[in-house]
Protein chains: 2
Amino acid sequence: MPVETLNEEGTVAVTIRDVARASGVHISTVSRTFSAPHLVNPETRSRVLATAEQLGYRPNRAARALITGRTHNIGLIVADIANPFFPPLIKAAETHARRRDYHVFVADTDEDPIVEAELVQALAKQVDGILLCSPRMTDDQIELLRREVPLVVINRMITGLPAVVMDVGQGARSAVRHLLDLGHRHLVYLSGPRGSWTNREIRRAAGATARAAGAELTVLGPHQPVTAAGAAAAGAVLATGATGVLAYNDLMAIGLLQALQDRHVPVPGQVSVVGIDDIAASELVRPQLTTVANPTAAAGRAAVDMLLQQGDDGSTAQINLHTDLVIRNSTGPGPFLPAGATTAEVAAYVKE
Amino acid sequence: MPVETLNEEGTVAVTIRDVARASGVHISTVSRTFSAPHLVNPETRSRVLATAEQLGYRPNRAARALITGRTHNIGLIVADIANPFFPPLIKAAETHARRRDYHVFVADTDEDPIVEAELVQALAKQVDGILLCSPRMTDDQIELLRREVPLVVINRMITGLPAVVMDVGQGARSAVRHLLDLGHRHLVYLSGPRGSWTNREIRRAAGATARAAGAELTVLGPHQPVTAAGAAAAGAVLATGATGVLAYNDLMAIGLLQALQDRHVPVPGQVSVVGIDDIAASELVRPQLTTVANPTAAAGRAAVDMLLQQGDDGSTAQINLHTDLVIRNSTGPGPFLPAGATTAEVAAYVKE
DNA sequence: TAATCTGTTGCAAACGTTTGCCGAAAACGG
DNA sequence: CCGTTTTCGGCAAACGTTTGCAACAGATTA
């Protein structure tokens with residue numbers, strides 16, 4: 001009776017060797033049955049598969065990783081799992097990766113660039129690549145890290161680095177144009193965290209669009225991308241005298257909405273607010289938030305594909321995903337129009 | 001000149017062997033420097049550490065896993081990452097695990113018990129244990145799977161299995177008592193998904209509490225735990241004539257809130273609504289949701305600890321975490337009381 | 001019929017660690 | 001100063017795979 005090693009659960013650990021013995025072939029044949037089926041006789045193959053199935057054999061990924069150098073794992077690093085912007089992306093990436101037989105490590109940096117770098121380092125040797133989501137590091141740091149592990153960046157553009165971005169510049173332009181169309185002439189941009197590429201893009205696009213229309217745009221910030229920061233900014237927003245606000249993300253916009261409500265400032269009667277992301281909650285608050293919808297799920301899937309194809313060629317494509325302005329109830333006509341004016345009336349007014 | 005193997009990034013893969021050669025010791029000494037430092041002379045140790053640092057050596061976890069049988073990874077399986085109940089738990093578990101030098105695979109079952117079982121199987125050989133969050137499988141299935149991999153269950157009680165539960169029964173009792181105290185005599189429980197242990201606990205506790213007070217409790221469901229289901233149930237809720245509603249979770253409660261608002265049913269004027277979970281959005285909607293706060297972050301940390309200690313002894317502890325009723329604005333006096341009655345007045349009335 | 005090719009399998013050397021065992025040297029006790 | 005213990009470090013065998021190479025049989029070609 002052969003000595004079987006028991007694993008910690010007290011069951012027999014069945015290896016390639018057991019399958020080989022039971023089906024009367026060499027272990028290499030068993031190995032090939034799984035990793036290069038076309039190299040083994042169909043008859044033998046089915047016999048091996050049958051005994052493997054019967055014995056409950058599962059390939060040991062550590063052993064496989066050791067020799068092939070591919071772990072079949074990928075890392076996904078986000079700023080804050082609890083920020084509702086990320087879960088749909090995580091979910092999509094995870095599901096997509098699993099379909100390709102990859103598993104996903106998810107890690108959270110708490111918006112801290114130092115933690116971010118450490119995490120990449122820690123994960124580097126254990127994954128085939130990392131998806132860096134809205135990184136807060138500098139471009140230089142990222143350049144350094146990409147030498148240790150294949151990287152795909154989401155929501156940031158760095159020359160020479162494969163990236164998936166949601167076209168937040170275009171989104172910001174639509175949002176600002178929407179506010180201008182409604183007759184607002186003085187706008188505020190509630191700026192997001194320092195180090196965010198997205199934040200720079202939005203500010204630039206919003207500024208350019210406002211300037212082109214001869215409107216004024218005041219930038220407030222930087223802020224942490226959370227509701228509390230949006231709420232805290234309410235006073236400053238009102239102090240500017242602006243009537244239209246674009247926020248870095250929906251959380252901040254919602255926080256602002258709440259604070260304005262608490263101060264009995266009518267929205268959109270006195271101030272119009274636009275968010276970015278279209279998180280689930282933006283439909284749940286009242287007034288419902290006008291916002292720029294980001295295709296986060298598509299971005300997650302695209303990023304996984306880019307990462308897995310990266311080895312094949314030296315291509316460093318950059319994908320730019322389209323964003324959509326979703327108009328809800330937090331935006332309305334500017335202050336010098338009759339409060340009840342419809343969009344059509346406003347459009348007519350503006351054209352005059 | 002020795003031949004160095006290059007990894008896919010084109011940099012040299014530095015192994016224990018390189019460190020050994022560079023510091024003039026045997027590889028076993030290098031190994032021990034990292035995995036059993038007390039067995040090596042402090043002087044040698046620091047020399048090895050220095051060269052390791054200088055060469056940029058990182059232990060290969062696959063090789064380590066292969067020989068020790070421990071991967072230093074854990075799996076975390078949740079029903080739906082996009083359900084805001086889970087992210088705080090995931091985040092806490094991940095951070096806590098990382099502090100103990102473990103990495104976390106996160107996977108999503110889409111509320112499907114079949115996917116759930118497959119995921120456990122797929123992850124089993126690649127992790128040291130799995131955290132099963134609010135599983136939808138049957139007890140038997142879970143019993144079967146625990147033989148393949150150490151398991152800790154969250155939000156479910158199965159005899160003999162280590163578990164962390166949030167005391168949702170107690171939460172439901174507080175919630176129902178709160179509604180009864182406000183003078184509501186006919187309540188509805190908006191039931192959650194089939195297969196949810198939590199759902200059974202809530203229903204049982206709510207039913208018992210209502211019965212003990214001689215009040216009526218109608219159970220509606222099962223439902224998917226999403227806002228749409230809560231909204232869709234609005235008609236049925238009103239049809240029962242009940243004035244107090246307890247929902248399986250906040251998402252459903254919020255959905256219901258929206259639908260009632262659309263029908264111009266005043267909340268809490270005509271109907272009071274209580275949720276469970278205390279997700280971030282429950283504070284953002286208007287009226288703000290009265291709900292049972294679950295200590296999800298604490299649960300995540302506790303579960304990680306249990307899983308990592310599990311090997312040490314055969315203990316299968318079950319931790320029961322306290323929940324808290326958070327009273328906000330979605331609950332108010334029952335219909336036969338003056339609409340503006342304060343809580344104190346209500347209490348007085350009920351006592352009479 | 002000999003030479004070549006093709007398809008299938010076995011052999012054995014890796015991959016980068018950990019760890020039980022053993023010997024050498026140092027420290028200790030009497 | 002001798003015997004015993006302790007500390008330290010080397011040796012080599014694992015762990016479960018993959019994969020280049022070689023062997024062999026049968027089919028194909030010239």
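Order of the sequence lines fixes the chain letters, A, B, ..., with proteins taken first and strands second; residue numbering starts at 1 for each chain.
Following rounding to the nearest Å, A:E43 (CD) and D:dG26 (P) show an atom-to-atom distance of 14 Å. Here C:dG10 presents its P atom at 12 Å from CD1 of A:I16, a figure rounded to the nearest Å. Atom P of nucleotide C:dA27 and atom CG of B:N41 are separated by 10 Å, given to the nearest angstrom. A straight line from CZ of A:R17 to C1' of C:dA12 spans 12 Å, rounded to a whole angstrom. Taking atom CG on B:D18 and atom P on C:dT17, their separation rounds to 9 Å, with Å as the unit. Between A:R70 atom CZ and D:dG16 atom C1' there is a gap of 19 Å when expressed in whole angstrom units. Separating the CD1 atom of A:I67 from the P atom of D:dT17 is a distance of 11 Å, rounded to the nearest angstrom. Note: CZ (B:R21) to P (D:dG10) measures 14 Å, nearest angstrom.
Along DNA chain D, the nucleotide nearest to B:L39 and the one nearest to A:P59 differ in position, and the one closer to the 5' end is contacted by B:L39. When the nearest nucleotides of DNA chain C are assigned to A:A63 and A:G24 by heavy-atom distance, the more 5′-ward of the two goes with A:G24.
Regarding contacts with the backbone of C:dT9, every side-chain N or O of A:H26 stays at 4.0 angstrom or more from both OP1 and OP2. Taking side-chain N and O atoms only, A:T68 has no distance below 4.0 Å to OP1 or OP2 of D:dT19. Taking 4.0 angstrom as the limit, A:S31 places a side-chain polar atom (N or O) nearer than this to OP1 or OP2 of D:dT18. Note on A:T29: a side-chain N or O is less than 4.0 Å away from OP1 or OP2 of C:dG10.
In this structure a side-chain-to-backbone donor-acceptor pair under 3.5 Å is present from B:R156 to B:P135.
A side-chain donor from one of B:Q126 and A:N73 sits under 3.5 Å from a side-chain acceptor of the other.
Looking at heavy-atom distances under 4.0 Å, A:Y57 makes contact with sugar-phosphate atoms alone, never a base. A:R58 comes within 4.0 angstrom of sugar-phosphate atoms only, judged by non-hydrogen atoms across all strands, and of no base.
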**Request:** Output, in order, the C-alpha distance, side-chain angles, deciding distance and verdict of salt bridge (Lys or Arg N to Asp or Glu O under 4.0 Å) for A:E43 and A:R47.
**Result:** CA-CA 6 Å; A:E43 210 170 299; A:R47 184 156 42 96; over 6 Å; no
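Using bins of under 30°, 30° to 60° and over 60° for the plane-to-plane angle, the ring pair A:F34/A:Y57 lands in the tilted bin.
Among the nucleotides D:dC15, C:dC15, C:dT19, the one closest to the side chain of B:L66 is D:dC15. The nucleotide whose nearest atom lies closest to any side-chain atom of A:N60 is, among C:dT17, D:dG16, C:dC11, D:dG16. The B:I27 side chain lies nearest to C:dT17 when the options are D:dT18, C:dT17, C:dT8. Counting only heavy atoms from C-beta on, A:V25 has its side chain closest to C:dG10 among C:dT17, D:dG16, C:dG10. For B:S28, the side-chain atoms get nearest to D:dA12 when compared with the rest of D:dG16, C:dT17, D:dA12. Looking at the side chain of A:T15, the nearest of the listed nucleotides D:dG16, C:dT8, C:dT17 is D:dG16.
Heavy atoms from other residues, nucleotides or ligands lying under 6.0 Å from CG of A:L39 number more than 12.
Residue-to-nucleotide contacts include a donor-acceptor pair under 3.5 Å from the side chain of A:R32 to the base of C:dG10.
In summary, B:D108 and A:R98 do not engage in a salt bridge, as defined by a charged side-chain N under 4.0 Å from a carboxylate O.
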